[in-house]
Structures are given as structure tokens and as C-alpha cells.
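These notes concern the structure reproduced below.
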Amino acid sequence: MKYLNFSVTEPEFKDTIYSVREFGAKGDGFTNNTEAINNAITHASENGGGVVTVPRGIFFTGPITLKNDVNLHLQAGAVLLFSSNVDDYPLVMVNYEGSQAYRCTSPINAKGATNIAITGKGVINGSGDPWRPVKKFKVPDRRWRKLISSGGAINVLNGGEETWWPTERARIGHDLLSTYGPNLKDYDTCYECRDFLRPCLVYLEDCHNILIKNVTFKNSPAWSIHPFLCDNITVKDIIVSNLDTAQNSDGIDIDCCHNVKILDSTFDVGDDGICMKSGKNEEGRARGIPTFNVYINNCTVFHGHGGFVLGSEMSGGLHNIEISECTFITTDCGVKLKSCVGRGGVIENIYIHGINMMHLPKEAIVFTTGYDIDSHEGQEVSEEEIPEFRNVIVENITCTHCVTPISIVGLKERPIHDITLKNIRIASRQLEKVYKYAENIKEQNVVITELLGEHY
């Protein structure tokens, strides 16, 4: 069964081919090809568009900007290897984690472009290791000692958690952000701690008619693929591969977008696998642009905080979203809808079916509007700051290993309501479902069996 019916049309391109080598690019792994590749894209766009090809080889480069009517095509054996030098990525104002803020320029980026694509059998390597912090509890002792011996800086968070930072500037940036919050928009201050302002590997803003197909994306500094304020997006047959310890290395974050299809793709990451967002708190509510009309089918997520995640930045609303026939293996939880006081917004008309899950160390299905609740304790909130989850159908679900089968926990001020759970079979260490501030939860053929042995 398919619940949603909307159309997404893939962009078409002129068959004129421009090889980056014609513009001076060399695939020797050392030559800086930033100017050559961008010149090829600009030339193609100014001449009516076409296909800019990256042939077999290792093409070292800085940021690449996509432009109208251009398909950036990586042939088999082609690697775009992005520079790990922070100074190659100028600060720009973008949207990240629901707020407008300065970040370093994304390795692949576009703003206001129409008819753009990234295709081919090649690899895009974001060289994210020198950007990312590492939490001690996430890595073996041997790797932790190696990180410390390599230099960088360490800070200790509340509770004694140690984090290694690649540079002192990155550590200072973290401390500043913790002090001033995400609204730190002073350019000079951000410039001094730019190592902390890790970019998404692919950031597309206000773009229309997008195709991302066949490419492998790996080693992202932060989120891997982040379309924001975009429409008519097709993502098909891609691989996103990051370390399972990589901070904020989401697979794909669809943010304030509509008419989106994500098909036949694989995600192996250190944070959320497939994620839907629409802005954060007052800023997101004021923008008022939801994510809607999204269809996800036949995808696999290996590792990650969640296989399919909505929120927590959802203040503009998330609705008309369907995911089917997907597999989640060793993700922390399987299906997760999360929000908190302060967000506001509505998640509704969500259809989740035909999902297979196994080896989950947390919940198979979890809905919570109390995410990060401790940071809001004791604060007075208005009606518009309280999120709402309603009209969600979850059916034909199998999970062979998890700790908690189903957890639906809303807020006293606004319970989660009108949820349908149908034809679900879960083997779990805990047999009891957790329902709190949850109303009109309809169950049909929901079977929870005891997980025997030492599986999580």
C-alpha cells in the first residue's frame, strides 16, 4: 500500500559534455583543482548547461558551487577529495540545526540554483576527520590515546565527559557556542573559532529540481546531505558512509522542503540516518515553512542514532511523509519522532510501514515530545511553544532485537494522540510498552515477545 500520491520530476540536462580536465584539472591527488572544477561548472551553466564530468582519478579540491542546468557527473573510479584545511572554507551564513548562523562553506554547495545534479559511480570524500570532535566514551582506549598524542585540545563537560577537539580554536568555538547559544552571528568572533563551525558535506539552499544519484558520499565534517528550502528532489541509489563514532554525521536531512523522493539508498553514519526537519523554535515558527510530501522507499540504514527520524527541529511542521520497505540494522533506535518544549509546530499525517529492524540497543519505535526536557525545566512556555504529534500510522513492522519495544511519551500540556499501531511484531528485552501522556493509541495485532540470550 502507498498512502501518498504526488509527483517529482527529475531534471533533464543538455547532452553537451565538459570534462574538468579541459579546464586544467588533474586527477593526481595533489594538484588543487578548485578553480578548474568551478570554472568548468560556470562555463557549462553560462552556455545553456550540460554534464560536467570528473573522470577516473583523485581530484583534490576546495569548495565546489553547483550552478543552473549542470549535472556534476563522477565517472567510475573518480574521487573528489576535499581539502582538510579549514582556511579553504570561507564563513558563510547558512541554516544549521534549525538556526541561521555562520558556518564554513560546504564542500559542495548551491544557493538559488535550478536544475542541478550530482550523479555517477564516483566517490565524494569530505575529509571530515580533521574537523570533528571525538567523545572519549565512543572510541576504544587505543584510539583515544592516539588522538591525544596527535595534538588538539581536550575539554571536560558537565558530568566528567571528555571530548577531544582537533584544534584549540575548535574547543574555544564550542565553549563560545555553549555560552551564547546558536544565535552567535558576529562574524569576527566566528572567524576566530571557525574550526568549530564544521560544514555539511552537501548544502543546497533555495534550489529547485535536484537529482542526486549513484554517488558515494563519505567522511563528512557534519551532516552529509542537507537540502534547505528546496523542492522537487530525487535521491536515488546513493551510499552515505561515515564512521559510527562521527559527531553530527547525519545521512540526509530534508529541511523545509517539499516534493521529495529518497529511494534505494544506503546510509551508514554516526548520527540520524534519514531525517526530516523544518526549523527550530521561534525562528522556525516565524518562517512557517513545513517539510511535506516526502516518500522514502527501499533504503537501508546501518548504524546511526536512528534509522528514520523526525525532528527535533520541526517548528515549521512535518506532514505528508511516508516511509516503506526499509531496513534498519544496529541503529540506536529504529523509528523516532522527537521534539521538545520550545519547538511548537505539528507532526502529522505520517505513514510508516513495511520496516524491518534488528540489533537495536534502544527502542524499536519511540515518539517523544519531551526530548531535552531538562533544559526547559521550570520555564514558563506559551501554547505555541508546545509541539504536537498526531495522526501517525505505523504498520507491518518487524524487529528481531531491541531493548524497549515501543515508547510514546508526550507532555501533560499536550499529549501525543491519534496513533495507529498495526501488525507489529517485536522481540525485546523489555516486554512492557511505555505510554505516558498518550491518547487514542489504537493497537491491532501488536505482539511483543521476550528476547532471549544476551542480545543488547
If I compare all heavy atoms of [X] with all of [Y], which pair ends up nearest, and what's the gap?
X: Thr105; Y: Tyr89; result: O-CD2, 3.1 Å
X: Phe6; Y: Val260; result: CZ-O, 3.7 Å
X: Val123; Y: Leu74; result: O-CD2, 3.5 Å
X: Pro63; Y: Ser106; result: CB-O, 3.8 Å
X: Arg198; Y: Pro221; result: NH1-O, 2.8 Å

Which label fits [X] and [Y]: parallel for a plane angle under 30°, tilted from 30 to 60°, or perpendicular past 60°?
X: His43; Y: Tyr18; result: perpendicular
X: Phe228; Y: His226; result: tilted
X: Phe292; Y: His258; result: parallel

Are the side chains of [X] and [Y] in touch, meaning some heavy atoms are under 4.5 Å apart?
X: Lys111; Y: Tyr203; result: no
X: Phe389; Y: Ile408; result: no
X: Cys256; Y: Ser278; result: yes
X: Ile124; Y: Phe82; result: yes
X: Phe23; Y: Val52; result: no
X: Asn297; Y: Ser324; result: yes
X: Lys336; Y: Val366; result: yes
X: Lys338; Y: Asp272; result: yes

Under 4.0 Å between a side-chain nitrogen and a carboxylate oxygen: does that hold for Glu282 and Arg285? no
What I want to find out is whether Asp87 reaches Arg194 closely enough, with some N-O distance under 4.0 Å, to be called a salt bridge.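 Looking at Asp87 and Arg194, the cut-off is met.
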Measure the [atom1]-[atom2] distance between [X] and [Y] for me, rounded to the nearest 0.5 Å.
X: Asn214; Y: Lys121; atom1: CG; atom2: NZ; result: 4.5 Å
X: Met358; Y: Thr400; atom1: CE; atom2: OG1; result: 4.5 Å
X: Tyr295; Y: Asn320; atom1: OH; atom2: CG; result: 14.5 Å

More than 12 foreign heavy atoms under 6.0 Å from [atom1] of [X]: is that the case here?
X: Glu22; atom1: CD; value: yes
X: Lys26; atom1: NZ; value: no
X: Lys236; atom1: NZ; value: no

Would the distance check show the side chain of [X] and the main-chain N or O of [Y] forming a donor-acceptor pair, the cut-off being under 3.5 Å?
X: Ser45; Y: Thr42; answer: no
X: Trp164; Y: Gly151; answer: yes
X: Arg132; Y: Ser220; answer: yes
X: Glu162; Y: Lys136; answer: no
X: His208; Y: Asn115; answer: no
X: Asp271; Y: Val269; answer: no
X: Ser315; Y: Arg343; answer: yes
X: Asn219; Y: Gly128; answer: yes
X: Ser224; Y: Asp250; answer: yes
X: Thr331; Y: Cys333; answer: yes

Checking side-chain polar atoms at under 3.5 Å, does Ser83 have a donor or acceptor matched by the opposite partner on Asn85?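 No pair is found: no donor N or O on one side chain lies under 3.5 Å from an acceptor on the other.
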Could you tell me if Asn259 and Asp231 have a donor-acceptor pair between their side chains, going purely by distance under 3.5 Å?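 Note: Asp231 and Asn259 side chains miss the donor-acceptor criterion.
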Under the side-chain hydrogen bond (donor to acceptor under 3.5 Å, both in side chains) rule, what do Thr119 and His73 come out as? Steps first, then yes or no, please. CA-CA 5 Å; Thr119 65; His73 182 80; 2.8 Å; yes
